[in-house]
Undergrad: 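There's a structure below that I have some questions on.
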Amino acid sequence: MNTSVTHKLNFYQGHNPIDLIAAYGSPLYVYNEKIFRQRCRDMTNLTTYPHFKVNYAIKANTNLTLLGIAIEEGLCADVSSPGEAVAALAAGFAPSDLFFIANNISAEEMAFAMERGILLSVDSVSQLETYGKLNPGGEIALRFNGGIGGGHHENVITGGDETKFGIRAVYIPEVKALLTKYGLKLKGINHHFGSQNSKELYLEGVEELLSIARHFDSLEFIDFGGGFSIPYNKQGGEAPMDFVVLGQSLTKYMESFSKECGKPLTYIVEPGRYISAECGVLLGTVHSIKENGGNKFAGTDLGFSVLARTTLYESHHDIEVYGSPRDGEYSPTNIVGNQCESGDYIAKSRLLPPLSEGDILGILDAGAYGYSMSSQYNHRPRPAEVLIREDGSLQLIRRRDTYEDMLINML
Ligand SMILES: *Cc1c(COP(=O)(O)O)cnc(C)c1O
């Protein structure tokens with residue numbers, strides 16, 4: 001066993017991943033409650049400024065049990081669709097703790113939020129007009145796009161001229177005209193330009209959003225958005241972001257802007273993956289070993305219907321091998337899935353010890369955008385989810401799909 005394996009076994013709090021697979025089936029998402037709670041607390045303790053909220057972007061992981069723990073930890077939530085709102089309400093969030101950050105939604109979806117008392121943020125002048133017609137005299141928030149973008153892949157950068165998100169500052173006069181025309185109260189503004197690891201970039205975004213906030217005097221809150229990434233390549237030495245320094249800077253910005261406005265505004269951050277990524281490991285099984293022209297392939301049950309990030313974004317996930325100690329040289333190995341698509345891989349040319357059929361792999365830091373992006377492609381049942389509670393006990397928090405589940409809407 002290499003050292004990272006030994007290290008990571010702490011994650012399982014004494015349980016053996018091989019036994020977990022035997023008990024719950026393969027593949028399997030395993031979560032650790034302690035780590036989830038710690039990540040929530042990292043965020044709620046980010047600043048000493050008193051009017052501060054952490055809105056967990058629940059699209060990262062919507063498991064109801066995890067959402068319930070987030071509520072216990074004092075988090076509020078961002079939802080991006082009515083379905084996510086239904087999940088958040090089912091988990092026990094109050095409507096006033098939810099913020100529906102919408103993109104290109106229908107009038108019906110706007111009405112859904114209004115009827116349930118969930119504040120809505122729209123992100124275009126045209127959607128603001130639609131909302132004004134639906135709910136004259138109502139409250140609204142707006143997502144701006146100050147121009148900065150950041151992220152590990154172009155598909156996750158959500159600021160700047162190249163993305164579909166947010167209202168550019170040049171449209172502030174049109175926005176103001178519509179707010180007046182429909183008697184709308186602008187309660188808050190928000191932005192989100194992508195998840196990344198640079199506190200400098202995050203703070204640049206804060207300044208950008210505050211400069212937009214100066215155009216509006218009705219604001220009760222300013223939402224600096226997300227997201228904070230996590231070090232996905234810990235085995236390669238990647239380090240986490242320095243939240244102490246970031247928090248201190250944020251506190252200064254919040255205090256001085258509230259002073260400038262002459263009232264104690266509420267400030268919000270929106271971590272998604274930071275909350276749930278590191279508390280989750282995806283376990284899977286090696287079913288085939290082969291070489292094609294010198295390229296090694298380990299074929300697993302970890303297709304992109306189970307974990308889409310690696311195929312979608314070429315994301316890196318650290319990998320651990322469980323089982324008996326093994327001898328032999330590490331060599332570049334492609335870890336691929338069982339889906340009928342050539343883009344179906346978990347890792348390319350990863351240096352791994354010799355693998356054999358029956359080995360159990362742990363795909364680390366898979367708690368965010370893992371299950372929530374999974375699908376039933378190839379009519380493969382989505383996996384079960386199991387939670388290791390703080391006291392070490394195991395709780396099945398979502399059962400595996402059955403074959404019948406996959407037919408039910410068509411019968
Ligand atoms: C998804 C999202 C987040 C969180 O992003 P991560 O990549 O999970 O950090 C924050 N805010 C908004 C508006 C989002 O859509």
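What's counted below: heavy atoms across the whole structure, side chains too, no hydrogens, waters or symmetry copies. FYI, the numbering just counts along the sequence from 1. We count ligands from 1, going down the list as the structure has it; atoms in each ligand are counted the same way.
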Undergrad: Taking heavy atoms and a distance under 4.0 Å, where does Y274 meet ligand 1: side chain, backbone, both or neither?
TA: neither

Undergrad: Considering only heavy atoms, which of S195, S121, G194 lies nearest to atom 7 (O) of ligand 1?
TA: S195

Undergrad: Any idea which atoms of ligand 1 are less than 4.0 Å away from a heavy-atom of I101?
TA: 13 (C)

Undergrad: Would you check whether Y369 has a nitrogen or oxygen atom less than 3.5 angstrom from a nitrogen or oxygen atom of ligand 1?
TA: yes

Undergrad: Any idea which atoms of ligand 1 are less than 4.0 Å away from a heavy-atom of R273?
TA: 6 (P), 7 (O), 8 (O), 9 (O)

Undergrad: Give the residue, atom name and distance (to 0.1 Å) of the protein heavy atom nearest atom 15 (O) of ligand 1.
TA: K59 NZ, 2.6 Å

Undergrad: Quick one: does NZ or CZ of R309 land under 6.0 Å from the six-membered ring centre of Y232, within 45 degrees of the ring axis?
TA: yes

Undergrad: Number the atoms of ligand 1 from 1 as they appear, then name those within less than 4.0 Å of a heavy atom of A57, with their elements.
TA: 2 (C), 3 (C), 4 (C), 10 (C)

Undergrad: Kindly confirm or rule out a cation-pi arrangement of K199 over Y202, judged by NZ or CZ under 6.0 Å from the six-membered ring centre and within 45° of its axis?
TA: no

Undergrad: For the pair K185 and E220, evaluate salt bridge (Lys or Arg N to Asp or Glu O under 4.0 Å) and give the outcome as yes or no after the intermediate values.
TA: CA-CA 10 Å; K185 178 184 159 121; E220 292 175 12; 2.8 Å; yes

Undergrad: Taking distance alone, with N or O pairs closer than 3.5 Å, would you say E270 contacts ligand 1?
TA: yes

Undergrad: So is R398 actually on top of Y371's ring, under 6.0 Å and inside 45° of the axis?
TA: yes

Undergrad: Which of these, F257, F216, F99, sits in a ring-ring contact (aromatic ring centres under 6.0 Å, His included) with F221?
TA: F99

Undergrad: Side chain, backbone, both or neither: which part of H192 comes within less than 4.0 Å of ligand 1 when only heavy atoms are counted?
TA: side chain

Undergrad: Which residue in the set R37, K34, R39 passes salt bridge (charged side-chain N to carboxylate O under 4.0 Å, His left out) when paired with E73?
TA: R37

Undergrad: Quick one: do K234 and E278 make a salt bridge, cutoff under 4.0 Å?
TA: yes

